[in-house]
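I have placed the structure first, in the form of structure tokens, so that the comments after it can refer back to it.
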Amino acid sequence: MNDEQLQAAQQAMVDWLRHPQELGKEPAKVECTGEFELHGLHYYIFRYKKSFFSRWMLGVCGGYDGDELTHCGHVFSEMEPYDEAIAKDRCIAMVERIRAYWMNQASGRDEAVSDPVEAVEETKSVPEPHVPQETPSEYEETTAADQNVFLGFTLLSEAHWDRAQLVSDLQNDWGLTVKQEESSRVDLLCFSGTSKIFISLMPVPIPSQEAELNAENNYMWKGAVEAVRAHKAHLTVAVLDQESDPKDSGQLFVKVMACCCKQRGALGIYTGSTVVAPAFYLELAQSMREEQLPILNWIWFQLYRSETGLCCYTDGMRQFGKEEMEILDADGKPAEVRDLLVRFASYVLENDVELRNGDTIGFSKDDRHTITSSEGVGQTGTTLKISYHAV
């Protein structure tokens, strides 16, 4: 491997991703995972992350003629998950489609596609990020943007579940009597009030090692990845509601998932951007018995270290129509930083508060923390940055 050429390729990949029409900023991590020859030119395979705890994505850069440090313009990424088993094949496919596009443009052929991105899109063969294809089609017509949809997965050690036990647990544990209906596409379709509950057994692991990758985010469960790697099947659980407050349908979702935790062979509960242990999820759900919102079932509080301090962001606030929150570069202990953000998120959800750029938040007259709305650092999209120290 030509180290100087590799460094040039990696910088070219970063520069491409930084463009406003692509990633929009420099990736948090980027690594070369391989190289290949194609049409007499040399190419480099990269994987990168938008933020420290987001999934690895695939990119390619080349081609290079001999030891030249200038590439021919084949720098691209579909923003698709990185899969080592097919990374080279996907990169070759991207390069071939880009070459075909420019060759067609040069020859002026009518059938030439109008955009190289569209050209690459036509040959996608890897699974999309796991908002899974097995999502029950019964609710495809009712997933409008103004409706509540909660989706999660129970990872199982074998392709088996006890439907009768789950219905019984809903009644015995939470006093929920559900009305069941026959369905040809899902294993259980039932109703509770205005909410629809869909549960379907998928006799395969979640594809593309997505569950394992997200289990890496769980800094509180040391054996998360190993436990998740053992799953052979999963239950897809969805709760939909056209009328209820998201907090009401969200509580119903947690109750259903808590009952799924009691299924034989349950290895993990995958919601949002992480996987938690079934016993832990079940314990957190008990907060509802004391008429508290299950904040820690709904929201994941991700910790990570930057060069200048400790950071924490929420994942799950947007499900309730709220902005995600971040604390950046704090000088406190991990538990202190996380607990402060938990208090802020709880306050917003419990009181249905709308925070805006320039506001302050606190719990006493002398405890006021500044709020800034801007592009996320650890989290994607626009987030609310809350100062760690009071002003």
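Both backbone and side-chain heavy atoms feed into the values below; hydrogens, waters and symmetry mates do not.
- Between the side chains of Ser364 and Asp367, no donor N or O sits under 3.5 Å from an acceptor N or O.
- Between Lys262 and Asp173, at least one side-chain N (NZ, or NE/NH1/NH2) sits under 4.0 Å from a carboxylate O, which counts as a salt bridge.
- Asn2 meets the side-chain contact (heavy atoms from CB on, under 4.5 Å) test with Glu4, Gln5, Tyr44, Asp67; sequence neighbours excluded.
- When atom types are taken as modelled, the side chain of Asn214 and the backbone of Val275 share no donor-acceptor pair closer than 3.5 angstrom.
- Taking the six-membered ring where the residue is Trp, the centroids of Phe253 and Trp298 are separated by 6.0 Å or more.
- For Asp187 (side chain) and Leu201 (main-chain N/O), a donor-acceptor pair under 3.5 Å exists by modelled atom type.
- Within the structure, side chain to side chain donor-acceptor pair (under 3.5 Å) contacts touching residues 219-232 (residues at least two apart or in different chains) are Tyr219-Arg338.
- Looking at residues two or more places apart in sequence or on another chain, you find a side chain to side chain donor-acceptor pair (under 3.5 Å) between Ser168 and Asn172.
- When every heavy atom of His39 is checked against every heavy atom of Arg99, the shortest pair comes out as NE2-NH1, 3.2 Å.
- The shortest side-chain heavy-atom distance between Leu240 and Phe198 falls under the 4.5 Å cut-off.
- Within the cation-pi definition used here (under 6.0 Å to the ring centroid, within 45° of the axis), Arg55 does not qualify as a partner of Tyr82.
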Does the pair Arg356 and Ile371 meet the rule for a side-chain contact (heavy atoms from CB on, under 4.5 Å), with working shown?
CA-CA 7 Å; Arg356 296 178 177 84; Ile371 298 172; over 6 Å; no
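- Both Tyr347 and Met317 are members of a single hydrophobic cluster when ILVMFWY side chains are connected at heavy-atom separations under 4.5 Å.
- Side chain of Glu323 to main chain of Arg318: no donor-acceptor pair is present (N/O by atom type, distance under 3.5 Å, no hydrogens or angles).
- Atom CG of residue Leu284 and atom CG of residue Leu282 lie 9.0 Å apart, to the nearest 0.5 angstrom.
- There is a path of hydrophobic side-chain contacts, each under 4.5 Å, that joins Phe280 to Val254.
- Two residues are said to be in side-chain contact when any heavy atoms from C-beta on lie closer than 4.5 Å; Lys29 and Trp56 meet this criterion.
- Side-chain contact check for Phe36 versus Cys91: some heavy-atom pair is nearer than 4.5 Å.
- Judged by distance alone, the side chain of Ser387 and the main-chain N or O of His369 form no donor-acceptor pair under 3.5 Å.
- In this structure the side chain of Glu35 never reaches within 4.5 angstrom of the side chain of Tyr43, judged on heavy atoms.
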For the pair Glu350 and Lys247, evaluate salt bridge (Lys or Arg N to Asp or Glu O under 4.0 Å) and give the outcome as yes or no after the intermediate values.
CA-CA 9 Å; Glu350 290 168 357; Lys247 288 183 285 189; over 6 Å; no
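- Lys50 is listed as a side-chain neighbour of Thr380, based on a closest heavy-atom distance under 4.5 Å.
- Within 6.0 Å of CD on Glu84 lie no more than 12 heavy atoms contributed by other residues, nucleotides or ligands.
- No hydrogens or angles considered: a donor-acceptor pair under 3.5 Å links the side chains of Asp329 and Ser306.
- Judged purely by atom type and a 3.5 angstrom limit, Thr314 has no side-chain atom pairing as donor or acceptor with the backbone of Glu324.
- Of all heavy-atom pairs spanning Thr271 and Leu151, the tightest one is CG2-O, 4.4 Å.
- Between Val14 and Val30, some side-chain heavy-atom pair lies under the 4.5 Å cut-off.
- Defined by atom type and a distance below 3.5 Å, a donor-acceptor pair is present between the side-chain atoms of Ser244 and Thr194.
- Put simply, the side chain of Leu293 does not reach to within 4.5 Å of the side chain of Ser346, judged on heavy atoms.
- Side-chain contact, Asp331 with Tyr388: no donor N or O sits under 3.5 Å from an acceptor N or O.
- The two atoms that bring Lys365 and Arg368 nearest to each other are O-CG, 3.7 Å, heavy atoms only.
- A salt bridge (Lys or Arg N to Asp or Glu O under 4.0 Å) check over residues 379-391, counting only residues at least two apart or in different chains, returns the pairs Glu326-Lys385.
- A donor-acceptor contact shorter than 3.5 Å is absent between the side chain of Asp359 and the backbone of Leu355.
- A distance of 5.0 Å separates SG of Cys311 from CG of Leu328, quoted to the nearest 0.5 Å.
- The main-chain N or O of Ser287 is never found under 3.5 Å from a side-chain atom of Glu290 such that the two would form a donor-acceptor pair.
- Between the side chains of Gln165 and Asp169, at least one donor-acceptor pair of N or O atoms lies under 3.5 Å.
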Taking it one step at a time, do Leu41 and Cys72 satisfy side-chain contact (heavy atoms from CB on, under 4.5 Å)?
CA-CA 9 Å; Leu41 298 176; Cys72 72; 4.0 Å; yes
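- Applying the ring-ring contact (aromatic ring centres under 6.0 Å, His included) test to Tyr48 and every residue at least two apart in sequence or in another chain returns nothing.
- Leu156 and Ala266 get closest at one heavy-atom pair: CD2-CA, 4.0 Å.
- Of the possible polar contacts, one joining the Lys25 side chain to the Val377 backbone as a donor-acceptor pair under 3.5 Å is found.
- The six-membered or imidazole ring of Tyr281 lies away from that of Tyr270, with a centre-to-centre distance of 6.0 Å or more.
- A side-chain N or O of Asp315 and one of Gln379 form a donor-acceptor pair less than 3.5 Å apart.
- Looking at Ser373 and Asn357, their side chains never bring a donor and an acceptor atom within 3.5 Å of each other.
- Under the side chain to side chain donor-acceptor pair (under 3.5 Å) criterion, Gln11 pairs with Asp15, sequence neighbours left out.
- No side-chain donor-acceptor contact under 3.5 Å links Ser208 to the backbone of Glu210.
- The number of heavy atoms from other shown groups lying within 6.0 Å of CD (Glu212) is above 12.
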One pair to check against side chain to side chain donor-acceptor pair (under 3.5 Å): Asp241 and Ser249. What are the steps and the verdict?
CA-CA 7 Å; Asp241 201 310; Ser249 48; 5.3 Å; no
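- His71 places a side-chain N or O within donor-acceptor distance of the main-chain N or O of Gly73, the cut-off being under 3.5 Å.
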Verify side-chain contact (heavy atoms from CB on, under 4.5 Å) between Asp83 and Arg90, making sure each step is shown before the conclusion.
CA-CA 9 Å; Asp83 184 339; Arg90 291 296 302 130; over 6 Å; no
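- Cluster membership for Met220 and Val342, using ILVMFWY side-chain heavy atoms within less than 4.5 angstrom, is shared.
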Would Arg163 and Gln180 count as a side chain to side chain donor-acceptor pair (under 3.5 Å) if you check the C-alpha gap in whole Å, the side-chain angles of each, and the deciding distance to 0.1 Å?
CA-CA 11 Å; Arg163 169 177 170 165; Gln180 300 183 52; 2.8 Å; yes
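- Taking the six-membered ring wherever Trp is involved, the centroid distance between the rings of Trp16 and Phe76 falls below 6.0 Å.
- Under a 4.0 Å N-O distance rule, the pair Asp352/Lys322 qualifies as a salt bridge.
- A 4.5 Å side-chain heavy-atom check between Thr372 and Leu384 finds every atom pair outside the cut-off.
- Counted by atom type alone, Gln171 and Thr177 present one or more donor-acceptor pairs between their side chains at under 3.5 Å.
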Going through the distances and angles, do Ile327 and Leu340 end up as a side-chain contact (heavy atoms from CB on, under 4.5 Å)?
CA-CA 9 Å; Ile327 292 177; Leu340 182 61; 4.0 Å; yes
